Amino acid sequence: MLAQRPEATEYPQFYGKYVALVTGDDPVTALRAETDHLHRVLDAIPESKGSHAYAEGKWTVKTLLGHMIDAERIFSYRALRLSRGDATPLPGFEENDYAKAAGSDARTVADLVAELKAVRASTLLLLASLPADAWARRGVVNKGEVSVRALGFIMAGHARHHLNILNERYGT
């Protein structure tokens with residue numbers, strides 16, 4: 001693939017905060033580097049912290065992990081569809097509705113961590129397999145245009161964002 005950071009025109013403005021958290025020019029390299037950090041943070045979360053929320057009405061650690069799983073699956077699915085040239089506009093998703101329906105608080109931290117690691121491994125296999133021309137393909141997601149390249153950076157930045165929150169607000 002041609003290593004290049006996405007231009008601001010390759011994703012809706014909202015995702016800029018995630019793209020900004022990623023260093024380098026190659027989304028697969030960025031995701032691999034983020035994966036090492038992800039594993040270190042996740043492996044350090046004790047089961048006793050799983051039901052902790054940093055404030056009233058905020059997600060628990062388990063709910064946050066469930067959100068990270070759902071979001072990466074959705075971003076990866078979007079990357080798959082766009083990379084294959086699918087021009088069908090894709091819908092957004094309401095993260096709070098997904099979090100409520102997921103039932104993450106009934107699971108163990110270890111189970112959620114194992115699933116998130118598996119989802120990331122799958123994401124890396126998908127993205128590493130893409131032909132060079134697929135990275136520039138674009139499509140409409142949640143009424144905004146996004147490129148496959150941008151989705152790689154968004155996934156890495158989204159994970160980093162939530163790992164920062166786990167560290168800063170949850171004390172993990």
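The structure presented is a predicted model; accordingly, all values stated were derived computationally and were not measured.
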Would you check if the side chain of R137 reaches a backbone N or O of S83 as a donor-acceptor pair within less than 3.5 Å?
-> yes

Please name the pair of heavy atoms, one in P91 and one in V141, separated by the smallest distance, quoted to 0.1 Å.
-> O-CG1, 4.5 Å

Rounded to the nearest 0.5 Å, the CE atom of M155 sits from the CD atom of E72 at a distance of 6.0 Å

Enter the distance from L116:CG to H162:NE2 here, rounded to the nearest 0.5 Å.
-> 11.0 Å

Under 4.0 Å between a Lys/Arg side-chain N and an Asp/Glu carboxylate O for E115 and R73?
-> yes

Nearest 0.5 Å please: distance from the CG atom of D105 over to the OG atom of S51.
-> 6.0 Å

Mind checking whether L38 and V19 sit in one hydrophobic cluster, side chains of I, L, V, M, F, W, Y counted as touching below 4.5 Å?
-> no

Quick one: closest heavy-atom pair of D86 and L82, and the distance?
-> O-CD2, 4.0 Å

Considering all heavy atoms of both residues, which atom of A102 and which atom of D70 are nearest to each other, and what is their separation?
-> CB-OD2, 4.3 Å

How far does CG of L42 sit from CG of L65, to the nearest 0.5 angstrom?
-> 6.0 Å

Can you check side chain to side chain contact (heavy atoms under 4.5 Å, CB included) on R138 and E10, steps first, answer last?
-> CA-CA 8 Å; R138 296 179 187 216; E10 292 182 53; 3.1 Å; yes

Salt bridge (Lys or Arg N to Asp or Glu O under 4.0 Å) evaluation trace for D25 with R149 | CA-CA 10 Å; D25 293 329; R149 177 176 37 241; over 6 Å; no

Derivation and outcome, side chain to side chain contact (heavy atoms under 4.5 Å, CB included), residues H52 and T60 = CA-CA 5 Å; H52 173 69; T60 65; over 6 Å; no

Do L80 and Y15 belong together in a cluster built from hydrophobic side chains that touch within less than 4.5 Å?
-> yes

So the ring-ring contact (aromatic ring centres under 6.0 Å, His included) pairs with at least one residue in residues 93-122 (sequence neighbours excluded) are F93-Y98

In Å and rounded to the nearest 0.5 Å, what is the OG1 to CE distance from T63 to M68?
-> 13.0 Å

Side chain to side chain contact (heavy atoms under 4.5 Å, CB included) partner of V109, the single match among D111, L112, V113 | V113

Stepwise side chain to side chain contact (heavy atoms under 4.5 Å, CB included) check, V61 with Y54 = CA-CA 9 Å; V61 169; Y54 68 87; over 6 Å; no

Check for a donor-acceptor pair, side chain of T172 on one end and backbone N or O of L166 on the other, with a separation under 3.5 Å.
-> yes

Taking atom NZ of K58 as the centre, report whether more than 12 heavy atoms of other residues, nucleotides or ligands fall under 6.0 Å from it.
-> no

Could you walk me through whether E34 and R120 pass the salt bridge (Lys or Arg N to Asp or Glu O under 4.0 Å) test, one step at a time?
-> CA-CA 10 Å; E34 186 58 45; R120 174 54 61 90; 5.8 Å; no

Using the side chain to side chain contact (heavy atoms under 4.5 Å, CB included) rule, take I45 and Y170 through it: C-alpha gap first, then chi angles, then the decisive distance, then the call.
-> CA-CA 10 Å; I45 300 172; Y170 291 86; over 6 Å; no

Verify, without hydrogens or angle tests, whether E7 (side chain) and T9 (backbone) share a donor-acceptor contact under 3.5 angstrom.
-> no

In F14, Y18, F153, the residue satisfying ring-ring contact (aromatic ring centres under 6.0 Å, His included) with H158 is Y18

Within-4.5 Å side-chain heavy-atom neighbours: D43 and K117 | yes

Heavy-atom distance under 4.5 Å between the side chains of N167 and L163, does that happen here?
-> no

For V148 and A79 the tightest heavy-atom approach is CG2-O, 4.0 Å

Any side-chain heavy atom of S147 sitting closer than 4.5 Å to one from Y11?
-> no

In terms of hydrophobic clustering (I, L, V, M, F, W, Y; side-chain heavy atoms under 4.5 Å; direct or indirect links), are I154 and L130 co-clustered?
-> yes

Residue pair V146 / L151, side-chain heavy-atom distance below 4.5 Å | yes

Would one find more than 12 heavy atoms of other residues, nucleotides or ligands at under 6.0 Å from atom CD of Q13?
-> no

Would you check if the side chain of T35 reaches a backbone N or O of L31 as a donor-acceptor pair within less than 3.5 Å?
-> yes

Is R5 reaching over with its side chain to a backbone N or O of V22, donor-acceptor style, under 3.5 angstrom?
-> yes

For residues P12 and E145, report the shortest heavy-atom separation together with the two atoms involved.
-> CD-O, 3.4 Å

Do L126 and L90 sit in the same hydrophobic cluster, where Ile, Leu, Val, Met, Phe, Trp and Tyr count as joined when their side-chain heavy atoms come under 4.5 Å apart?
-> yes

In Å and rounded to the nearest 0.5 Å, what is the OG to CD1 distance from S104 to I69?
-> 6.5 Å

Do the charged groups of R32 and D26 touch, with an N to O distance under 4.0 Å?
-> no

Those residues that, when tested against P46, pass side chain to side chain contact (heavy atoms under 4.5 Å, CB included) (two or more places apart) = S48, K49

